[in-house]
Amino acid sequence: MTTLEKLFTPAQRSRLFEAIPNRYSCRSFSGAPSTADWAALSYAAQRYALPGVRLFLHTVPENIFTGIVLNYGKITGCTTIAVLAASIAQPHSRIHAGILGEAFCLEATAMGLGTCWVAGTYKRKQLELPLQADETVLSIIAIGVPEKAAPDARKRKSLDRICKGDIRQWPEELRRAAAAVQMAPSALNLQPWEMAYTDGHFTLDAPQLHQLDLGIAVCHAELAVAEPHLWHFGDGKREPLACMTAKE
Ligand SMILES: Cc1cc2nc3c(=O)[nH]c(=O)nc-3n(C[C@H](O)[C@H](O)[C@H](O)COP(=O)(O)O)c2cc1C
C-alpha cells in the first residue's frame with residue numbers, strides 16, 4: 001500500500017515543490033490540454049494513489065461551471081477536469097484526496113497548465129461519472145491552457161497567524177514547510193490551518209470540516225521535507241489531524 005512518505009520520488013518532490021509558487025486558481029482557459037499533456041496527466045492521475053481515493057480525468061461541457069464565489073467569477077473555456085472520488089468510509093480518505101488533488105495540480109502547473117479546485121461552483125447533477133457504489137465526489141479540478149498570465153500576488157494570512165509559537169526556533173526544513181503551507185489553496189481562501197512544533201513533532205491541524213484543505217496543506221509540507229520522516233493522521237479530537245515526526 002502506498003504511504004505518503006513513499007508517494008514522491010526525489011525528482012518529483014523537487015519538481016512539484018518548485019511549482020508551488022507558480023500555482024494559482026486559474027479561472028479562464030483558452031483551450032484543453034494537448035494530447036501529449038492529456039497522456040502525461042492521465043499517467044500522473046494513476047501514479048498518485050493513496051487509500052480510499054481515486055483521481056481520474058473527464059471531459060465536460062463548458063457550461064457545467066456556475067456562479068461567483070468571493071467575486072472570483074465563473075470558470076470559462078474549460079472542458080477538461082480531474083475528478084476526486086473518495087470512499088469516505090475509509091479512514092482519512094478526505095485528507096488523502098486533498099494530498100492527491102494538490103499533487104496533481106502541481107504536476108499540471110509544472111507542465112505549464114492552469115488548474116482550479118472547484119468544490120462548489122459547478123452543476124454536480126450534470127456530471128455523469130463512472131462511480132463505484134461507495135464513492136462520493138469531493139471536488140473536481142478544472143484544467144487547461146491558461147488564457148492570462150498568473151496574478152502577481154495572492155492574499156495569504158501571515159505565518160504568525162497560522163503557526164503557534166516562535167517559528168524562528170523551528171528546524172529550517174519545517175520553516176520551509178510552513179512557508180509552503182502558507183501558499184496552499186483552500187476553499188473560500190479560508191486558510192484554516194494551524195501549525196505547531198513541539199517535542200520533535202510538527203503538527204498540522206484544521207477543523208474537521210476542512211479535511212480536504214488539510215490534505216492540500218499536508219501535500220505542500222511533505223514536498224518541503226527531504227529528511228526521513230513519518231506522518232501520522234489522527235482523529236482531530238484527541239490528537240491533531242496530521243503529525244510529522246523525524247525518523248531516527
Ligand atoms: C477544496 C477547494 C475548493 C474550492 N472550490 C472553489 C469553487 O467552487 N469555485 C472557485 O471558483 N474556486 C474554488 N476554490 C479555489 C479557492 O477559492 C482558491 O484556492 C483560494 O481563493 C486561493 O487562491 P489561489 O488558489 O489563487 O492561491 C477552491 C479551493 C479549494 C482548495
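Counting convention: from 1, in listed order, for ligands and their atoms alike.
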*Could you check Arg156 against Asn189 for side chain to side chain contact (heavy atoms under 4.5 Å, CB included), going step by step and ending with a plain yes or no?*
CA-CA 8 Å; Arg156 288 299 187 267; Asn189 204 18; 3.3 Å; yes
*Please determine if Trp117 has a nitrogen or oxygen closer than 3.5 Å to a nitrogen or oxygen of ligand 1.*
yes
*Using a strict cut-off of 4.0 Å, indicate which atoms of ligand 1 neighbour a heavy atom of Tyr24.*
26 (O)
_If the cut-off is 4.0 Å to any non-hydrogen atom of Ile216, which atoms of ligand 1 fall inside it?_
31 (C)
*Compute the shortest N/O to N/O distance between Gly73 and ligand 1 and return yes if it is under 3.5 Å, no if not.*
no
*Heavy atom under 4.0 Å from ligand 1: found in Ser25's side chain, backbone, both, or neither?*
both
_Which of the numbered atoms in ligand 1 are under 4.0 angstrom from any heavy atom belonging to Arg27?_
10 (C), 11 (O), 12 (N), 15 (C), 16 (C), 17 (O)
*Less than 4.0 Å between a side-chain N and a carboxylate O, is that true for Lys237 and Asp235?*
no
*Indicate whether the side chain of Arg47 and that of Gln12 have a donor and an acceptor atom separated by less than 3.5 Å.*
yes
*Minimum side-chain heavy-atom gap Leu127-Ile81 below 4.5 Å*: yes
*Mind checking whether Asp213 contacts ligand 1 via backbone (N, CA, C, O), side chain (CB onward), both or neither, at a 4.0 Å heavy-atom cut-off?*
side chain
_Using 30° and 60° as the class boundaries, would you call the ring planes of Tyr197 and Trp170 parallel, tilted or perpendicular?_
tilted
*Between Leu214 and Ile95, is any pair of side-chain heavy atoms under 4.5 Å apart?*
yes
_Whether Lys74 lies under 4.0 Å from ligand 1, heavy atom_ = no
*With sequence neighbours left out, write down each residue that passes side chain to side chain donor-acceptor pair (under 3.5 Å) with His229, or none if nothing qualifies.*
Glu222
*Answer yes or no: does atom NZ of Lys123 have more than 12 heavy-atom neighbours from other residues, nucleotides or ligands under 6.0 Å?*
yes
*Mark up the atoms of ligand 1 that fall under 4.0 Å of a heavy atom belonging to Pro185, in ascending order.*
19 (O), 25 (O), 31 (C)
*Tell me the side chain to side chain donor-acceptor pair (under 3.5 Å) pairs involving residues 91-116, sequence neighbours left out?*
Arg15-Glu107, Tyr48-Glu107, Glu102-Trp117, Glu102-His220
*Strictly under 4.0 Å, does any heavy atom of Ser139 approach an atom of ligand 1?*
no
_Any nitrogen or oxygen of Gly120, side chain or backbone, less than 3.5 Å from one on ligand 1?_
yes
*Flag Arg156 as yes when one of its N or O atoms lies below 3.5 Å from any N or O atom of ligand 1, and as no otherwise.*
yes
*For ligand 1, note which part of Lys155 has a heavy atom under 4.0 Å away: side chain, backbone, both or neither.*
neither
